Amino acid sequence: MKKFTLLTLLTLLAVTAFAQKAFVAPNARTIMKADADNSIITEQPAGNLMEYTRLGGACKLNSAGNGVTNQTQSGYAYIVYATDGSGDVWLKDPVCWFNTGAWVKGSLSADKKTITVPTGQNLSVNSEGLYLRMELADLTTNASGTSSVSYNSANTQITYTIDDNVIRLNEADGENHVLAVMWSDDHAWQGYADWGTSYIDMNYNPDNPIDPTQPVTTIPDDLQTENYLLMLFDLSFGSDGKESGRELVQTDAKVGFKDGKVYIQGLSGFAREGWVVGTVNGNTVTIPSGQYQGVYNYNGNDYPIYVLGCDSETEEVKDLVFSYDSESGTLELQEGLWIVDNSDANTINIAFGVYDDAILLKGGSTDTTIPADLETEDYLLMLFDLSFGSDGKESGRELVQTDAKVGFKDGKVYIQGLSGFAREGWVVGTVDGNTVTIPSGQYQGIYNYGGTDRNIYILGCDSETEEIKDLVFSYDSESGTLELQEGLWIVDSGSATTIDAAGVYDSAILLKGSTDGISGITTAKESSDSYYNLQGVRMSGALPKGIYIHNGKKVVIK
């Protein structure tokens, strides 16, 4: 901010000093044609268009056509940066008040700190076929204070220095030179000139500077997006190049669909504001590799970040392919693919991050993580663990009693321990009166089976159709009891979007209060005449009034 304030002050001082000089009246000729020929760049070139606030001194031909008026530059300046690696740039209307819509072409240095523009480029043409050109002109002032602008054939280029959010014209200082508009035949001055020119990027973010030379996904102005929860595993590798660890990452993302395309923001772990665009074909979404996300600063150096797909076995660059469920909006990265945050758009060069098992869940948010100030209470979870025969039909059930924790905050409910295979996992749902809804597909943790780690997700399932459903509980706010509605199973699944069951349960009840006397998980084989009280004790003989569990159902004895 100090740099910007100083620059503005110096620019205004330059304008004041130059305004005291008198000018020789310019050489006026016929007006310019509105239509330029092919030697003038009138169409916006391909690349990234950047907008800047314009500052500096300027003068232009007065309305009488016999003199000039001094004034400050104002409005906006535009630069297009090529994204094909050529280093080409184009500046629109380089002399502030000579606004014909023409572009002049220049080049960007390899360190992206200097723009060089050849002078003599055409800006317009008159009815006689004479061009008006951009030239760096000599400025001389005689003893009486009268200034003249004259052509110098030795001035063949101008340069702009890029310093963070400021682009400054170097040669046109207002004392010796100005950037002027001159005729092509006799190099007479037309009456427009700039000096002390600076372009200011008002959207510059020093913590995440955007490299304008990199291709950026264009987002439709009318794109409608929804909040998503992105879950994926951040992989680490040992010195032998083999995977040495994985950590679950949950973060926010945005997803929008329009005209057969999908737009996703937040797929990169190192440039969160970047977007990717892909195509939707039935149940498949394809994201082409190599899309630019932004800049990441590492050890004082800026690195471009591209999102690449990668074959996890061959490490060959691939497009990212997701299985897409149009009903739920879920996108699940296909097996055998990694997502790579990479410094090169085409080859695995410097990988800042490698991820797998990515899932995007609509309506999710990192708000589903546990609030630091959440207050919970101990609960007893009672449910029946179902087993199935070779014919797929239910063949048995065991009563399971175990500890759980439940907390309520801001209209949401948080439950730990609903999974039988990943006890530390949490689910979050919404409370609406006497109903609690837990969205399906929430990640719980890892379960090791036969030496292989399996991801565990909690799903709801219709017990008749085996269709995936949200888990819906009846909620008694007075007692705090939550009871799973009939016809629903709880499923410990290896997938967030399909039934890959490690465990299936029904008749779940969560009872608030101490679980003293219950050590870990207790189970009991149920016979047709078995009754259990709400503390999980099997009853015998005549039952007193109360609530009991019988054949997996809640029974009230009055």
Side-chain angles (χ1 to χ4, degrees), residues 23-52 54 56-62 65 68 73 75-82 84 86-109 114-139 148-160 167 169-172 174 177-195 197 199:
F23 283 91
V24 174
N27 181 3
R29 301 190 185 186
T30 55
I31 61 172
M32 297 168 294
K33 287 169 53 177
D35 296 326
D37 69 8
N38 292 332
S39 65
I40 303 172
I41 306 172
T42 56
E43 292 187 7
Q44 179 180 314
N48 287 339
L49 176 66
M50 300 289 287
E51 180 184 85
Y52 303 89
R54 191 168 196 152
C59 61
K60 66 177 180 177
L61 188 70
N62 64 23
V68 294
Q73 296 183 42
Y76 300 96
Y78 300 91
I79 301 178
V80 168
Y81 296 83
D84 59 2
S86 64
D88 292 337
V89 296
W90 294 266
L91 287 72
K92 185 178 183 180
D93 292 331
V95 181
C96 181
W97 295 109
F98 193 73
N99 300 323
T100 65
W103 297 83
V104 296
K105 185 178 181 180
S107 60
L108 183 66
S109 62
T114 304
I115 296 173
T116 302
V117 181
T119 55
Q121 298 190 58
N122 296 327
L123 303 177
S124 190
V125 63
N126 77 348
S127 58
E128 300 171 359
L130 298 176
Y131 290 99
L132 286 162
R133 293 173 171 167
M134 177 196 75
E135 301 284 3
L136 181 64
D138 291 341
L139 178 66
S148 61
V149 177
S150 57
Y151 175 71
N152 185 333
S153 61
N155 298 325
T156 60
Q157 65 181 31
I158 56 174
T159 60
Y160 295 81
I167 300 177
L169 177 59
N170 295 313
E171 290 80 9
H177 299 96
V178 291
L179 187 63
V181 178
M182 311 191 89
W183 286 103
S184 58
D185 59 341
D186 60 3
H187 301 111
W189 179 41
Q190 170 62 13
Y192 292 84
D194 285 357
W195 63 91
T197 299
Y199 299 163

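Every value quoted in this text rests on a predicted model; they were computed, and no experiment measured them. Atoms considered below: every heavy atom in the structure, side chains included; atoms not considered: hydrogens, waters and symmetry mates.
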Trainee: For the side chain of Thr119 and the backbone of Thr156, is there at least one donor-acceptor N/O pair under 3.5 Å apart?
Mentor: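 Yes, because the side chain of Thr119 sits within donor-acceptor range (under 3.5 Å) of the backbone of Thr156.
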Trainee: For Tyr78 versus Trp103, what's the shortest heavy-atom pair and its separation?
Mentor: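 Reported closest heavy-atom pair: O-CZ3, 3.9 Å.
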Trainee: Supply the atom-to-atom distance Cys59 SG to Trp97 CH2, rounded to the nearest 0.5 angstrom.
Mentor: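 Reported to 0.5 Å precision, the distance equals 12.0 Å.
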Trainee: Looking at Pro94 and Tyr199, what are the two nearest heavy atoms and their distance?
Mentor: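 Residues Pro94 and Tyr199, closest heavy atoms: O-OH, 4.2 Å.
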Trainee: Looking at OH of Tyr160 and OG of Ser109, how far apart are the two atoms once the value is rounded to the nearest 0.5 Å?
Mentor: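 If we round to the nearest 0.5 Å, Tyr160:OH and Ser109:OG are 15.0 Å apart.
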Trainee: With sequence neighbours left out, which residue pairs that include part of residues 181-191 fulfil the salt bridge (Lys or Arg N to Asp or Glu O under 4.0 Å) condition?
Mentor: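 Sorted result for residues 181-191: Arg29-Asp185, Arg29-Asp186.
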Trainee: Determine the minimum heavy-atom distance between Met134 and Pro118, stating which atoms define it.
Mentor: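 It is CE-O, 3.4 Å.
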Trainee: Nearest 0.5 Å, please: how far is CD in Glu135 from OG in Ser150?
Mentor: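 Rounded to the nearest 0.5 Å, the OG-CD separation comes out at 11.5 Å.
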Trainee: Determine whether Asn122 and Leu132 make a side-chain contact, defined as any pair of heavy atoms from C-beta on separated by less than 4.5 Å.
Mentor: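 No, too far: nothing below the 4.5 Å cut-off.
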Trainee: So, for Ala172 and Asp194, which heavy atoms are closest and what is the spacing to 0.1 Å?
Mentor: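 Nearest pair, atom of Ala172 first, then Asp194: CB-O, 3.8 Å.
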Trainee: Between Asp138 and Asn152 (side chain of the first, backbone of the second, donor and acceptor by atom type, cut-off under 3.5 Å), is there such a pair?
Mentor: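 Pair absent, no side-chain N/O of Asp138 close to backbone of Asn152.
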Trainee: For the pair Gln73 (side chain) and Gly57 (backbone), establish whether a donor and an acceptor sit closer than 3.5 Å, ignoring hydrogens and angles.
Mentor: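 Yes; judged by distance alone, with no hydrogens or angles, the pair exists.
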Trainee: CH2 of Trp90 to CD of Gln44: how many Å apart, nearest 0.5 Å?
Mentor: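 If I round to the nearest 0.5 Å, the distance is 10.5 Å.
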Trainee: Would you check if Leu169 and Leu179 make a side-chain contact, meaning some heavy-atom pair closer than 4.5 Å?
Mentor: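 Contact flag for Leu169/Leu179 side chains = yes.
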Trainee: Using a strict cut-off of less than 4.0 Å between a Lys/Arg side-chain nitrogen and an Asp/Glu carboxylate oxygen, indicate whether Arg54 and Asp93 qualify as a salt bridge.
Mentor: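 Result for this pair is no, no salt bridge flagged.
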Trainee: Could you go step by step and tell me if Leu123 and Tyr192 meet the side-chain contact (heavy atoms from CB on, under 4.5 Å) rule?
Mentor: CA-CA 12 Å; Leu123 303 177; Tyr192 292 84; over 6 Å; no
Trainee: Report the distance from atom CD1 of Ile115 to atom CG of Asp88, rounding to the nearest 0.5 Å.
Mentor: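 Nearest 0.5 Å value for the CD1-CG distance: 11.5 Å.
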Trainee: Could you state the interatomic distance from NE2 (His177) to CG (Asn170), rounded to the nearest 0.5 Å?
Mentor: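 Result: 12.5 Å between the selected atoms.
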Trainee: Please report the closest heavy-atom contact between Leu139 and Gly174, naming both atoms and the distance.
Mentor: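 Distance-wise, the nearest heavy atoms are CD2-O, 3.3 Å.
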Trainee: Can you tell which of Leu108, Leu91, Leu49 makes a side chain to side chain contact (heavy atoms under 4.5 Å, CB included) with Ile79?
Mentor: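 Exactly one option meets the side chain to side chain contact (heavy atoms under 4.5 Å, CB included) with Ile79, and it is Leu91.
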Trainee: For Tyr151, what residues pass the ring pair (Phe, Tyr, Trp, His ring centres under 6.0 Å) criterion, not counting sequence neighbours?
Mentor: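 Partners of Tyr151 by the ring pair (Phe, Tyr, Trp, His ring centres under 6.0 Å) criterion, ordered by chain and then number, come out as His187.
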Trainee: Is a side-chain donor or acceptor of Glu51 paired with a backbone partner of Tyr76 at a separation under 3.5 angstrom?
Mentor: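 Side chain of Glu51 to backbone of Tyr76: no pair is present.
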Trainee: For residues Ile40 and Ala102, report the shortest heavy-atom separation together with the two atoms involved.
Mentor: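 Smallest heavy-atom distance, with atoms named: CG2-CB, 3.8 Å.
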Trainee: For Glu171, what residues pass the side chain to side chain donor-acceptor pair (under 3.5 Å) criterion, not counting sequence neighbours?
Mentor: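 Partners of Glu171 by the side chain to side chain donor-acceptor pair (under 3.5 Å) criterion, ordered by chain and then number, come out as Thr159.
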